[in-house]
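A quick write-up on the structure given underneath.
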Amino acid sequence: MEIAVKLCALAVYILYLLDIIDAQKPCKVPNGDAGTCINISKCQPLMELSNVKYKTPHENMYFQQSYCGGNGPRKLKVCCPSESMWNKFDPRPIVYPHSPTVLLPVIPITNSPVSTEIIPQTKPPEPVLLSRPATETFGNRMAPEEMNEVNKFCGIDTSSSNKIIGGEEVAIDQYPWLALLEYAGNFLACGGSLISHRFVLTAAHCLNGLNGPPLLVRLAEFNTSSFPTDSVKSDGGGYDNVTVQIVEVKNMYPHPKFNRNRKIHDIGLVELIENVVITKDFIKAICLPERNFLPDFDALTKFTIAGWGGTANASESEVKLELSVPYVSWDKCEKVQEPDIINTQICAGGIAGKDSCRGDSGGPLMYEYNERFYVVGVISYGSRTCGDGMPATHTNVNQYMTWIKETMRIKFNNQRNG
């Protein structure tokens, strides 16, 4: 008994030492000087910066680049400069020239273990130090020919490989239309789908919930714990690198008939403040379902969902995950779901341990047809216990195509005439 007590005390002491070591680990502040990764409450200059209500873009970026760990405001850790530098503190961030967009703050909120092998870049891009705040630039207004370009290449997944509960990690360039919404306090919650240069499709309940409205949209995201560039070893040798694009939200458009209590018409659009550039690999639009695929679905139909939602070990995943889920008919779904399912909804899932989860809301229910992916559904709601074998309900996108196209057309005309 005495030996067991001593061993227990020794284990506690070791954990205490490890906690001290982890709390004081060295790091580099954004300008390259030596710093220490500590709780933000112990770092006066960054604590003062965090309390500034209206930060400039480059102050926001510096704050993001100082992140070095922690989950939540009270546990947030930052790379703090030495105390001798506090009286000359200058929050100048590093801007990577190849990043096409002004990067605003997105502090990862999860600290779950990552199974992917993240390989640091062997030749990182040459950073440029800003001497003054960056000037925001706005993309060109979208012309009809640009929309035709989106439709021409929509839904094509060029990934060479083919947690959501029970999900598998995806390739770094897989599902390049996936979007991640960020809210006040750097909180990452809902997902979405890029459907044009300017609009992201999501769930209406994601546009004004407990977290308030989304402020930013992240595109070309893979691992939320690394910033701004993810670098992953590819199957064929070498590395795949992607730099996240973070775009400010201009407006939000929940469906006018959305009813939170009845959980119907749960679909919405996010308008970005600037056009995003469609790329060859990492940023593309998913196809909208011009026709109703619902009559084609049966018990053998499989959909794909993907995002950064719950895993078996954590409430969120740091890396993008995918999962295949089966179609579930209305009659079977209504037996386990409340309220009743209507024809503007699609049921899918229902396999224990494999399900969409918190944080996946607003993401796409993807259906592959003729080698293209279509966003046939928007993840709306499901069981409060993720992965319990109950199917989830999705908004049937085809039933809202008129509203989607009309909303986008009106906003485009307003931009053109404005």
I'd like to know if the side chain of Asp298 reaches the main chain of Thr301, judged simply by a donor and an acceptor atom lying under 3.5 Å from each other, with no hydrogens or angles considered.
yes

Could you tell me whether the side chain of Val247 reaches within less than 4.5 Å of the side chain of Val276, counting heavy atoms only?
yes

Do Ile278 and Phe153 have side chains that approach each other closer than 4.5 Å (heavy atoms only, starting at C-beta)?
no

Less than 4.5 Å apart, any side-chain heavy atom of Cys347 and any of Lys332?
no

is_close_aromatic(Tyr367, Phe293), centroid dist under 6.0 Å
yes

For Gly191, does its backbone N or O pair with a side-chain atom of Thr202 as donor and acceptor, under 3.5 Å?
yes

Please determine if Arg291 and Asp296 form a salt bridge, counting it only when a charged side-chain N lies under 4.0 Å from a carboxylate O.
yes

Parallel, tilted or perpendicular, judged at 30° and 60°: which one describes the rings of Tyr400 and His265?
perpendicular

Shortest non-hydrogen pair, Thr304 vs Phe373, comes out as OG1-CE2, 4.3 Å

Any side-chain to backbone donor/acceptor pair from Glu368 onto Asn370? Under 3.5 Å, distance only.
no

For the CD atom of Gln345 and the NZ atom of Lys263, what is their distance to the nearest 0.5 Å?
10.0 Å

Take Val378 and Val397 through the test side-chain contact (heavy atoms from CB on, under 4.5 Å) and record every step on the way to the result.
CA-CA 7 Å; Val378 171; Val397 176; 3.8 Å; yes

So Tyr62 and Val29, side-chain contact (heavy atoms from CB on, under 4.5 Å) or not? Walk me through it.
CA-CA 9 Å; Tyr62 183 93; Val29 297; 4.2 Å; yes

Quick one: does any side-chain atom of Ser196 pair with a main-chain N or O of Arg198 as donor and acceptor, under 3.5 Å?
yes

Walk me through it: do Ile40 and Ser50 pass the test side-chain contact (heavy atoms from CB on, under 4.5 Å)?
CA-CA 9 Å; Ile40 190 171; Ser50 73; 4.0 Å; yes

Is any side-chain heavy atom of Val244 less than 4.5 Å from a side-chain heavy atom of Leu219?
no

Any chance the side chains of Asn39 and Ser41 put a donor and an acceptor closer than 3.5 Å?
yes

Quick one: sort the Phe199 and Tyr253 rings into parallel, tilted or perpendicular, breaks at 30° and 60°.
tilted

Glu290 side chain near Lys405 side chain, heavy-atom distance below 4.5 Å:
yes

Less than 4.5 Å apart, any side-chain heavy atom of Glu182 and any of Pro214?
no

Tell me, yes or no, whether the heavy-atom count around Lys302 atom NZ, taken from other residues, nucleotides or ligands under 6.0 Å, exceeds 12.
yes

Kindly compute the distance separating CE (Met408) from CD (Glu406), expressed to the nearest 0.5 Å.
11.5 Å

Counting C-beta onward and ignoring hydrogens, is there a side-chain heavy-atom pair between Met366 and Tyr374 closer than 4.5 Å?
no

On a heavy-atom basis, the closest approach of Gly155 and Cys287 is N-SG, 3.7 Å

Are any non-hydrogen side-chain atoms of Trp86 and Pro81 less than 4.5 angstrom apart?
yes

Heavy-atom nearest pair, Leu181 first then Val217, reads CD2-CG2, 3.7 Å

Hey, is the main chain of Pro289 close enough, under 3.5 Å, to the side chain of Asn398 for a donor-acceptor pair?
yes

Determine whether a donor-acceptor pair (N or O, by modelled atom type, separation under 3.5 Å) exists between the side chain of Thr393 and the backbone of Ser380.
no

Interatomic spacing from CZ in Arg260 to CG in Asp266 - rounded to 0.5 Å:
8.0 Å

Looking only at heavy atoms, what is the nearest atom pair of Leu207 and Leu269, with distance?
CD1-O, 4.1 Å

Closest approach of Ala204 to Phe258 (non-hydrogen atoms, all atoms of both residues)
CB-CG, 3.5 Å

Rounded distance [0.5 Å steps], CG in Leu180 versus CG in Leu188
5.0 Å

Would you say the SG of Cys79 sits under 2.5 Å from the SG of Cys37?
no

How many angstroms lie between NE2 in His394 and CZ in Phe303, if you round to the nearest 0.5 Å?
8.0 Å

Does a salt bridge link Arg92 with Glu59, judged by any charged N lying under 4.0 Å from a carboxylate O?
no

Taking the six-membered ring for Trp, are Phe282 and Phe222 closer than 6.0 Å centroid to centroid?
no

Separation between CG (Asp173) and NZ (Lys320), nearest 0.5 Å, reads 7.5 Å

Enclosure of Glu371 CD (heavy-atom neighbours >12, cutoff 6.0 Å)
no

Where do Leu272 and Glu248 land on the side-chain contact (heavy atoms from CB on, under 4.5 Å) test, with the steps shown first?
CA-CA 6 Å; Leu272 305 176; Glu248 187 178 347; over 6 Å; no

